[in-house]
Amino acid sequence: MSNPYVPLLVMIGIAAVLALGGVGASAILGPKRYNRAKLEAYECGIEPTPHAIGGGRFPIKYYLVAMTFIIFDIEVVFLYPWAVGFAELATFGLVAMMAFLLIITVPFVYEWKRGGLEWD
């Protein structure tokens, strides 16, 4: 009798070999034409500037964009399985999801008030 996890382990092993093999092959076979522009840090299309001595402050916009992604990502992760199992969850599932949506609304409203949904 064989272990049912053997095919899964074989698939993970093959994926790891392909991933590491691709990275290794590109490092060995790829062109190595470095110039000053390629070696500089890339910051979202903005010319990099020297940081302040004590470290610079990031604008709130960076954090608000990240918060937008996290809010909607978590919302979808929880709403999809809830929608699939809606019939079995009955009233408890409905109350739990309404509580979740109420909780997830708090950071959304905060972001809205801070101007995170206004794209300049």
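For this chain, numbers begin at 1 and follow the sequence in order. Since we're looking at a predicted model, the values are computed, not measured.
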### Distance in Å, Leu64 CG paired with Glu118 CD, rounded so as to fall on 0.5 Å steps
10.5 Å
### Message
Run the side-chain contact (heavy atoms from CB on, under 4.5 Å) test on Met97 and Phe100 for me, step by step, so that the C-alpha distance in whole Å, both residues' side-chain angles and the decisive distance to 0.1 Å come before the verdict.
### Response
CA-CA 5 Å; Met97 189 50 62; Phe100 170 73; 3.5 Å; yes
### Query
Roughly how far apart are Phe72 CZ and Glu75 CD, rounded to 0.5 Å?
6.5 Å
### Query
What distance do Ile104 atom CD1 and Leu101 atom CG have between them, rounded to the nearest 0.5 Å?
8.0 Å
### Task
Look at the side-chain heavy atoms of Ile, Leu, Val, Met, Phe, Trp and Tyr, link any pair under 4.5 Å apart, and say whether Phe69 and Met67 land in one connected group.
yes
Using residues 76-91 as the side-chain source, report each donor-acceptor pair under 3.5 Å to any protein atom, sequence neighbours left out, with the distance given to one decimal.
from	atom 1	to	atom 2	distance (Å)
Trp82	NE1	Gly93	O	3.1

### Query
Under the side chain to side chain contact (heavy atoms under 4.5 Å, CB included) test, which residues partner Phe92, sequence neighbours left out?
none
### Query
Is there a side-chain contact (heavy atoms from CB on, under 4.5 Å) between Leu94 and Met98 once you walk through the steps?
CA-CA 6 Å; Leu94 182 63; Met98 290 302 131; 3.9 Å; yes
### Message
Test question: given the 4.5 Å side-chain rule for I, L, V, M, F, W and Y, name all other residues clustered with Leu18, or answer none.
### Response
Val6, Val10, Ile14
### Message
One pair to check against side-chain contact (heavy atoms from CB on, under 4.5 Å): Tyr34 and Lys32. What are the steps and the verdict?
### Response
CA-CA 6 Å; Tyr34 299 109; Lys32 293 171 182 59; 4.1 Å; yes
